[in-house]
Asks: 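Would you mind keeping the following structure in view while I ask a few things?
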There are 2 protein chains.
Amino acid sequence: MANKDTGKKKISESTIRRLSLYYRALSLLEKENYETIASKELAKREKLTPAQVRKDLSFFGSFGTRGLGYPVTELKHRIAKILGIDRIWNIAMVGVGNIGSALVSYKEFQRQGFSIKLIFDNDQRKIGSNHKGLIVSDIKDMPRLLREHNIQMVVLAVPAIVAQYIIDDVVAAGIKAILNFAPINLQVPDDVYLRNENMSMELEYLSFVISNHYKPKN
Amino acid sequence: MANKDTGKKKISESTIRRLSLYYRALSLLEKENYETIASKELAKREKLTPAQVRKDLSFFGSFGTRGLGYPVTELKHRIAKILGIDRIWNIAMVGVGNIGSALVSYKEFQRQGFSIKLIFDNDQRKIGSNHKGLIVSDIKDMPRLLREHNIQMVVLAVPAIVAQYIIDDVVAAGIKAILNFAPINLQVPDDVYLRNENMSMELEYLSFVISNHYKPKN
DNA sequence: TACTTATTGTGAAACAATTCACATACTCTG
DNA sequence: CAGAGTATGTGAATTGTTTCACAATAAGTA
């Protein structure tokens with residue numbers, strides 16, 4: 001009864017996001033030379049409940065040993081496979097402003113298997129310049145280059161005002177996954193997954209928490 | 001009673017985050033000279049249901065007029081007040097690496113009332129340098145400067161390896177809200193709200209979505 | 001004023017996520 | 001190799017969130 005993409009999905013987004021947490025925790029545990037880990041300890045490290053850890057994992061199979069726990073290295077690989085990070089993803093960065101160029105230099109992406117292969121901008125002064133060994137390409141060549149370099153994901157870090165115009169091109173080039181940093185609601189077809197990252201919203205949430213002495217439950 | 005706020009009903013994190021969306025939508029509607037907006041239209045713009053919009057708002061009061069909708073400008077101000085963004089927040093940026101310096105230049109923060117007042121680093125080569133009109137201070141002076149400049153929130157953009165050490169100082173300086181970009185689980189006391197922002201996790205989620213032909217529900 | 005239309009505000013219903021609790025099954029020790 | 005101990009895997013119970021559906025009520029109209 002494993003989940004596969006046959007029809008219905010019963011896996012929640014929260015479960016997937018926790019898988020990322022488990023993956024990071026397991027990488028650390030591996031370095032600490034743990035061979036096995038109990039749900040209790042894994043939960044403690046991620047501030048979750050043991051039942052939640054077990055339930056999350058159980059959606060994808062039965063990875064543990066009763067009385068002992070989960071094998072650290074194996075579970076790490078299994079989760080990598082589930083998340084689809086047991087490979088290298090080719091990324092393009094569109095927009096080389098503050099955020100874009102920071103992310104190009106962000107070593108964590110490379111470390112996690114997300115390899116930025118192309119950078120685009122529409123500013124003539126930026127086109128041709130070098131960022132961490134990559135030459136900024138003209139956004140006009142984007143459709144062709146995205147295909148030629150077998151890019152699977154795009155990070156969009158352009159001004160809000162041009163974001164829709166540019167994302168249309170990205171979609172037209174066949175990209176199915178986009179991480180957008182422009183603080184605007186963009187339209188994409190149903191079969192394209194667009195995730196919005198809005199840093200002001202994060203600060204607004206902090207603002208609410210301290211203004212209202214609100215105690216989030218996690 | 002986990003939540004304080006004088007015995008009010010429990011508000012979910014999702015509701016708060018949607019409040020940010022409504023706020024942004026209302027700002028736009030105001031520019032488009034709308035005077036009132038129905039939950040139906042507001043929902044459409046944010047890809048939510050009208051019932052959800054009304055329910056979210058109803059947690060905080062009764063802001064609309066039956067038969068007409070919500071008054072755009074007034075609702076915007078009410079939400080700003082609820083979120084605590086009807087004011088300027090003084091922020092300090094700790095760490096002037098890629099992410100840190102990008103965020104210092106990120107105009108959206110300023111625009112939303114989050115004003116970066118101080119920047120810190122521990123690298124002698126960076127201390128004293130100028131970033132967007134701000135001089136990078138020595139992290140050694142952080143406890144004193146945070147208090148002197150009445151800083152209320154800290155954005156942490158330092159390497160994971162030193163993050164715990166630095167956040168301890170931030171907490172000791174009396175800061176109650178921290179946005180952390182280091183991909184590591186930090187420990188803070190109960191009365192400090194720490195929010196983690198992990199960009200690799202966002203890409204991992206994209207990876208899962210396209211690897212499994214997963215259809216998120218929103 | 002009375003009538004029509006529109007849209008809110010909100011209990012109740014439906015749905016979703018988390019936690020509980022325990023049978024099951026494995027390890028470890030002597 | 002048996003008994004003690006431990007921790008998984010998972011239905012059931014609980015808790016949380018979203019959607020439904022409709023009474024209430026304001027605006028607009030004549």
Side-chain angles (χ1 to χ4, degrees), chain A residues 1-3 7-19 21-22 25-26 29 34-72 74-75 78-79 82 214-218, chain B residues 1-3 5 8-19 21-22 25-26 29 34-72 74-75 78-79 82 214-218:
Chain A
M1 200 67 173
N3 69 303
K8 280 194 170 174
K9 292 301 173 306
K10 50 178 308 202
I11 313 262
S12 71
E13 169 168 339
S14 338
T15 292
I16 308 307
R17 298 185 70 82
R18 284 191 297 268
L19 249 33
L21 296 178
Y22 303 151
L26 289 163
L29 286 162
Y34 279 69
E35 297 206 336
T36 58
I37 181 80
S39 59
K40 194 177 164 189
E41 169 69 10
L42 190 49
K44 195 178 149 209
R45 293 187 170 223
E46 295 300 325
K47 299 207 193 75
L48 301 166
T49 65
Q52 178 125 75
V53 171
R54 297 200 301 275
K55 183 66 99 182
D56 282 340
L57 296 175
S58 79
F59 287 126
F60 301 97
S62 165
F63 308 123
T65 304
R66 289 168 196 224
L68 190 61
Y70 299 91
V72 170
E74 197 202 320
L75 182 57
R78 299 284 216 119
I79 291 179
I82 294 164
Y214 179 75
K215 184 79 188 141
K217 72 157 177 298
N218 61 50
Chain B
M1 289 293 93
N3 289 349
D5 217 64
K8 271 186 190 170
K9 262 164 289 179
K10 212 205 127 238
I11 313 284
S12 72
E13 170 168 339
S14 335
T15 292
I16 308 307
R17 297 184 72 81
R18 284 192 298 267
L19 249 34
L21 296 178
Y22 303 150
L26 289 163
L29 286 162
Y34 279 69
E35 297 206 336
T36 58
I37 181 80
S39 58
K40 193 176 165 190
E41 169 68 11
L42 189 48
K44 194 178 150 209
R45 292 188 171 221
E46 294 301 325
K47 298 207 194 76
L48 301 166
T49 65
Q52 178 126 75
V53 171
R54 298 200 300 275
K55 183 65 102 183
D56 283 340
L57 296 175
S58 79
F59 288 127
F60 301 96
S62 165
F63 308 123
T65 303
R66 290 170 198 227
L68 191 60
Y70 299 91
V72 171
E74 196 202 320
L75 183 58
R78 298 284 216 119
I79 291 179
I82 294 164
Y214 178 75
K215 185 80 188 133
K217 73 163 173 305
N218 56 43

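Just so it is clear, the model here is predicted, and its values are computed rather than measured. So you know, we letter chains A, B, ... as the sequences are listed, proteins then strands, and number each from 1.
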Asks: Could you report the tightest heavy-atom contact between A:I82 and A:F63, atom names first, then the distance?
Replies: CD1-CZ, 4.2 Å
Asks: Starting at CG of B:L42 and ending at P of C:dT8, how long is that distance when rounded to a whole Å?
Replies: 9 Å
Asks: Keeping A:T65 on the side-chain end and A:L68 on the backbone end, is there a donor-acceptor pair under 3.5 Å?
Replies: no
Asks: For nucleotides 21-30 of chain C, just jot down a letter per nucleotide in 5' to 3' order: B, S or -, based on protein non-hydrogen atoms under 4.0 Å.
Replies: B-BBBB----
Asks: So which heavy atom on B:V72 is nearest to which on B:L29, and how close?
Replies: CG1-CB, 4.0 Å
Asks: For residues B:F60 and B:T15, determine if any side-chain heavy atom of one lies less than 4.5 Å from a side-chain heavy atom of the other.
Replies: yes
Asks: Would you say B:Y70 reaches C:dG9's phosphate, i.e. side-chain N/O to OP1/OP2 under 4.0 Å?
Replies: yes
Asks: Has B:S39 got a side-chain N or O lying under 4.0 Å from the OP1 or OP2 atom of C:dT7?
Replies: no
Asks: Could you report the tightest heavy-atom contact between B:Y214 and A:I11, atom names first, then the distance?
Replies: OH-O, 2.5 Å
Asks: Hey, what do you get for NZ (A:K44) to CD1 (A:I37), rounding to the nearest 0.5 Å?
Replies: 9.5 Å
Asks: Is it the case that the side chain of B:Y70 and the backbone of B:L42 share a donor-acceptor pair, with hydrogens and angles ignored and the cut-off at 3.5 Å?
Replies: no
Asks: Could you write nucleotides 11-17 of chain D as a row of B, S and -, 5' to 3', where a protein heavy atom under 4.0 Å of any base atom gives B, of only sugar-phosphate atoms gives S, and otherwise -?
Replies: BB----S
Asks: Find the distance A:K40:NZ to D:dT8:P and express it as a whole number of Å.
Replies: 10 Å
Asks: What is the bend of the helix from C:dT1-D:dA30 to C:dG30-D:dC1 when you compare the axis at one end with the axis at the other, using five pairs each and rounding to 10°?
Replies: 20°
Asks: How close do B:E46 and B:A25 get, heavy atom to heavy atom, and via which atoms?
Replies: OE2-CB, 3.4 Å
Asks: Is there a side-chain contact between B:S58 and B:K55 in this structure, where contact means two heavy atoms from C-beta onward sitting under 4.5 Å apart?
Replies: yes
